[in-house]
Amino acid sequence: MTLKLYNSLTKKKELFKPISKREVKIYSCGPTVYNYIHIGNHRTFLMSDFLKRALKFNKHNIKHIMNITDIGHLTSDADSGEDKMLAAAKKERKSVWDIAKFYTDAFKNDLKSLNIIAPNKFTRATEHIRAQITMIKRLEKNGFTYIKDGNVYFDTSKYSNKKLGGGNIKQRARVKKDPNKKQQNDFVLWFTKSKFQDQDMKWDSPWGLGYPGWHIECSAMATKFLGTQFDIHTGGEDLKQIHHNNEIAQSEAATSQKPWVNYWVHGAFLVNKNKGKMARSSGDFVTIPNLETAGFDALDFRYLTLGTHYRKQMLFSETALKSAQSARKKLFSTYIELRSGGRGSLKSTKLGDKYFKQFTDSVNDDLNLPKALATTWAVLNDKKVPDKEKVYLLLRFDNIFGFNLRKLKSKSIPFRIKRLAEKRLKARLKKDFKTADKLRKMLKAKGYEIEDTIKSYVLKRK
Ligand SMILES: [Zn+2]
């Protein structure tokens, strides 16, 4: 149990210690479902997936919750802008409910294609309105709110929180000043007066018919399912400054317990070469279905993300994805070849153990997956590591990488070919080289090259 994680809260790499030995509780900010999710967001979801796998690798059980923001919210974090869901519904001539369902399904399909382990529970904001109202009532009772012009605000002068860093919202020129706010850092907990027309989704509340602000759903649902204090909260770095600082403020103000979360793990942006940060608001973004249409597998993108540490900006380009694709294919075919190398008992060697330790150390060093990937290729290219052990190590490494190698089908080598190769192996081991040679020629005629290892063989299609 030596996993170290960079904690945005303390700005340090820390040894991970769970609150309870029974399970590690994780909350991840999920998508707002008004459009397809772009690969920049998926980079963050992949980061959470690698983190979960690293925790499992270190023998932890996990309880993971992810929200789905299916309530119409605003194009800006600071309670201004256009309602994203409503804008999408108008554009696509659908109801906001239909929009939410369609893009939630699309998101779940993406997760499957990317081999991302689903959370234990997806919590939809619209299904937990009561929990949000309860939390706002508690904040009201504890004296952290005020009402202005029909909307309930969180008063940041009563609970100032800049724990995760970030500047003052006032300095951000693109955000219009809200005259109803006592401080510009304050945020809306409940709207009864929408700034927009036609808000379809409305619920009864002690403050009148309306709908919750964006930030409250994560605090309310995380607390409901994970308790008033839990281990890890993940999200993209774009959420850190406003959304996550607000989540902390309102959660700790409501429950009077701190810290709300022990470790905050943030993923860095994906930058589209020549175009800058990928964002849905610009309309210029790449999705998983886009990649698939262009002839890539979603797992090519998964492979690509392994090459850049999650706290570093990742540069995306088609060239980079193409080389990730060929490396991923090479990894798969190498694994299939090694696996088809006949049976035999596994004996771990000192060299193999050394590689395994090297791999584990990289994973446990704040998920240094670029280094772990380099170790993987070093193992595969090392002639001194027996093939059987290579397969064994690769499968263990795959617990982190998540390519589901075990499930790969060796489509390339038919059964009749394998049978010939097995027959040849028997002959060779009995030193019946005449038969072995004959069988090698037969295999060659059928388009297969056979390479001998000490106790087995590797079949390759010519
Ligand atoms: Zn959130």
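What you see below is based on every heavy atom in this structure, not just the backbone, and it leaves out hydrogens, waters and symmetry mates. No experiment lies behind these values; they were computed from the predicted model shown. All ligand and atom numbering here is 1-based and tracks the order in the structure.
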Parallel, tilted or perpendicular: rings of W190 and W207 (30°, 60°):
tilted
Check against side-chain contact (heavy atoms from CB on, under 4.5 Å), K17 and N262:
CA-CA 9 Å; K17 283 187 198 142; N262 284 344; over 6 Å; no
Is the charged tip of R53 near the ring of F57: under 6.0 Å from the six-membered ring centre and within 45° of its axis?
no
If you round to the nearest 0.5 Å, how far is NE2 of H309 from CG of L369?
7.0 Å
Suppose the criterion is salt bridge (Lys or Arg N to Asp or Glu O under 4.0 Å): which pairs have a residue in residues 352-373, not counting sequence neighbours?
K13-D365, R311-D366, K357-D361
What protein N/O/S atoms are found closer than 2.8 Å to the Zn ion (ligand 1)?
C29 SG, C218 SG, H243 NE2, E247 OE2
To check you understand the geometry: which heavy-atom pair defines the closest contact between G236 and T44, and what is its length?
N-CG2, 3.4 Å
